[in-house]
Amino acid sequence: MTLVVIAIVISSTLVINYLKKEEVKRVDILVKAIKFQQDMTPSLEVQELLLAIYSSNTTIPVIILDKNDQVIEYKHLSKEAGNNPDEIVALAKKMEKKYPAIEIKVQGGNDQFVYYDNSIMLNNLQYSPFLLGFFVLCYFLFSFWFLRTVKKTDEGYLWAGLAKETAHQIGTPLSSMMGWMEIMKLENPDSDGVHEIEKDIERLRTISERFSKIGSVPELNDTNFNDTIRENYDYLKTRISRKIDFTLLLPTYNILVPHNRILMSWVIENLVKNAVDAMKGEGTLQMSVFERNKNILVEVKDNGSGMTKYQAQNAFKPGYSTKKRGWGLGLSLAKRVVQEYHNGDIKISQTEVGKGTTFRILIRKA
């Protein structure tokens with residue numbers, strides 16, 4: 001792309017330089033005609049030829065001054081110059097900085113000087129290579145953005161379809177398990193095993209519901225953010241290693257913000273599980289919620305293995321995983337839930353190899 005833009009600029013510059021030389025030649029011919037007319041009395045045919053030469057210049061600004069800077073003649077000046085002799089003389093001196101004046105020897109010693117500049121059209125053409133290069137660059141950037149957007153959309157449809165199919169596949173055996181659960185409750189309703197299995201079935205139902213919501217527009221009908229975080233914390237704390245010091249810091253007041261409890265729980269669970277894996281089942285894990293500039297921030301901080309710069313840059317890409325058996329979907333789907341469904345953001349705010357990682361979720365209140 002860069003080579004194309006450079007080629008356009010160079011080729012356009014060459015054309016403009018050629019046109020400049022052609023205009024200089026036209027001025028030289030005009031000056032020779034003036035000299036010829038002043039040196040001798042031309043015949044009628046020669047006068048007609050000289051008049052044709054004068055008339056052929058319809059675009060090139062020309063100013064003729066004598067040696068005392070008195071205006072003799074001027075043609076095709078910009079409107080800004082006006083008819084003021086002082087302004088015309090000042091414009092002539094400005095023209096001389098670009099092209100040297102051409103001297104015409106006149107009998108009697110009152111020599112004349114011809115000042116000239118590029119035509120208005122040629123001056124405007126000088127910017128065309130850069131404008132053309134700019135438009136070509138914009139075209140390539142737009143094409144790149146468009147192709148990237150199409151690719152991202154296709155990936156989104158792929159993950160959404162995969163999620164819905166997963167929900168469908170889970171739903172079939174789950175319905176059967178719920179039926180058998182009811183039979184077991186009739187035979188022994190007070191069994192601890194029955195209650196534990198019932199909790200797991202409910203958890204599977206929640207997971208199935210999470211997957212089914214991917215790809216559709218979820219309802220943000222839950223408002224008490226504290227309850228959602230607390231519920232996740234209580235559930236996860238009983239299911240991770242006791243060697244992990246898992247703490248929660250919540251504000252003393254309720255945070256009310258529209259969100260989808262099921263999907264937000266999924267995001268939190270993904271971050272906590274990643275932190276637990278990074279600590280290899282032992283360490284300190286802290287989840288905190290606070291407000292800043294009308295935004296809700298959730299931080300999940302661990303003192304695990306941390307990430308390299310490359311790992312942090314690719315952590316949210318679909319299919320990328322540092323785990324041997326990881327699919328690389330958890331953080332990718334978490335990002336989709338936060339950004340597309342909750343108009344927020346999720347990122348790695350801090351990480352260092354051997355010292356741990358901090359994930360941060362930002363949810364806008366309004």
Side-chain angles (χ1 to χ4, degrees), residues 1-3 137 140-156 158-159 162-163 214 229 232-233 236 240-241 243-249 263-293 295-364:
M1 180 176 65
T2 304
L3 293 176
L137 181 63
F140 278 108
L141 290 176
F142 173 78
S143 300
F144 175 76
W145 170 83
F146 179 76
L147 292 174
R148 188 176 180 181
T149 302
V150 170
K151 181 181 178 182
K152 186 177 180 181
T153 303
D154 289 343
E155 288 178 352
L158 175 63
W159 296 126
L162 178 63
I214 296 295
I229 300 298
N232 270 265
Y233 171 77
L236 294 169
I240 63 177
S241 172
K243 294 181 180 180
I244 293 179
D245 182 16
F246 188 16
T247 57
L248 172 64
L249 299 178
L263 291 181
M264 190 55 63
S265 299
W266 192 6
V267 174
I268 299 299
E269 185 175 323
N270 264 293
L271 297 184
V272 170
K273 286 184 175 180
N274 272 282
V276 171
D277 290 341
M279 293 185 291
K280 296 180 172 58
E282 184 175 357
T284 301
L285 177 61
Q286 182 184 80
M287 183 162 59
S288 54
V289 180
F290 53 95
E291 286 189 79
R292 180 184 295 171
N293 299 328
N295 294 320
I296 309 301
L297 299 177
V298 182
E299 286 191 345
V300 178
K301 181 178 181 180
D302 67 69
N303 65 343
S305 57
M307 298 184 189
T308 64
K309 185 176 180 181
Y310 177 81
Q311 290 172 335
Q313 289 175 342
N314 293 276
F316 293 100
K317 290 184 179 180
Y320 179 81
S321 176
T322 58
K323 305 171 188 176
K324 293 182 178 179
R325 297 184 179 180
W327 283 19
L329 297 180
L331 290 179
S332 174
L333 291 174
K335 185 174 183 179
R336 182 187 180 99
V337 168
V338 175
Q339 289 187 340
E340 297 186 18
Y341 300 153
H342 291 85
N343 191 30
D345 193 20
I346 181 171
K347 64 180 182 179
I348 299 171
S349 63
Q350 188 277 331
T351 186
E352 187 175 348
V353 176
K355 293 189 176 181
T357 301
T358 301
F359 282 88
R360 174 178 291 177
I361 302 170
L362 183 146
I363 304 294
R364 295 173 180 84

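The first residue in the sequence is number 1, and the count goes up from there. Computed from a predicted model, the values in this text were never measured in an experiment.
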### Query
For the side chain of Gln311 and the backbone of Thr308, is there at least one donor-acceptor N/O pair under 3.5 Å apart?
yes

### Task
Can you see which heavy atom on Trp266 is nearest to which on Leu333, and at what distance?
CH2-CD1, 3.8 Å

### Donor-acceptor pair, side chain of Ser349 and main chain of Thr358, under 3.5 angstrom
yes

#### Entry: Ile240, Asp302, Val276 screened by side chain to side chain contact (heavy atoms under 4.5 Å, CB included) with Phe246, the one that passes
Ile240

### Message
Distance alone, cut at 3.5 Å: any donor-acceptor contact between the side chains of Asn314 and Lys317?
### Response
yes

### Single hit among Asn343, Leu297, Ile296 for side chain to side chain contact (heavy atoms under 4.5 Å, CB included) with Ile363
Ile296

#### Entry: From Leu263 atom CG to Arg336 atom CZ, the distance as rounded to the nearest 0.5 Å
11.0 Å

### Task
Answer yes or no: is there a donor N or O on one side and an acceptor on the other, between the side chain of Asn303 and the main chain of Thr284, under 3.5 Å?
yes

### Task
Keeping the roles fixed (side chain from Asn293, backbone from Asn295), state whether a donor-acceptor pair exists under 3.5 Å.
no

### Task
Rounded to the nearest 0.5 Å, what's the gap from NZ on Lys301 to CZ on Arg360? Could you check?
10.5 Å

### Task
Quick one: do Thr357 and Ile348 satisfy side-chain contact (heavy atoms from CB on, under 4.5 Å)? Show the steps, please.
CA-CA 7 Å; Thr357 301; Ile348 299 171; 3.8 Å; yes

### Message
Looking at every non-hydrogen atom in both residues, tell me the closest pair between Ser265 and Asn232 and how far apart they are.
### Response
OG-ND2, 2.7 Å

### Query
Between Met279 and Leu285, does a side-chain contact (heavy atoms from CB on, under 4.5 Å) hold up when you go through it step by step?
CA-CA 9 Å; Met279 293 185 291; Leu285 177 61; 3.8 Å; yes

### Message
To check you understand the geometry: which heavy-atom pair defines the closest contact between Thr351 and Ala312, and what is its length?
### Response
CG2-CB, 4.2 Å

### Query
Is it true that a side-chain atom of Ser241 and a backbone atom of Gly281 form a donor plus acceptor pair closer than 3.5 Å?
yes

### Task
Report yes if the side chains of Leu331 and Asn274 come closer than 4.5 Å at any heavy-atom pair, otherwise no.
yes

### Query
Where the side chain of Tyr233 meets the backbone of Met287, is there a donor-acceptor pair that is under 3.5 Å apart?
no

#### Entry: For Gly356 against Gln350, the heavy-atom pair lying closest together
O-OE1, 4.2 Å

### Task
Identify, with sequence neighbours excluded, every residue that meets side-chain hydrogen bond (donor to acceptor under 3.5 Å, both in side chains) alongside Asp245.
none

### Step-by-step side-chain contact (heavy atoms from CB on, under 4.5 Å) determination, Phe359 to Lys347
CA-CA 6 Å; Phe359 282 88; Lys347 64 180 182 179; over 6 Å; no

### Task
Please lay out, stage by stage, how Leu362 and Ile346 fare under the test side-chain contact (heavy atoms from CB on, under 4.5 Å).
CA-CA 6 Å; Leu362 183 146; Ile346 181 171; over 6 Å; no

### CD on Glu340 to NZ on Lys335, rounded to 0.5 Å
10.0 Å

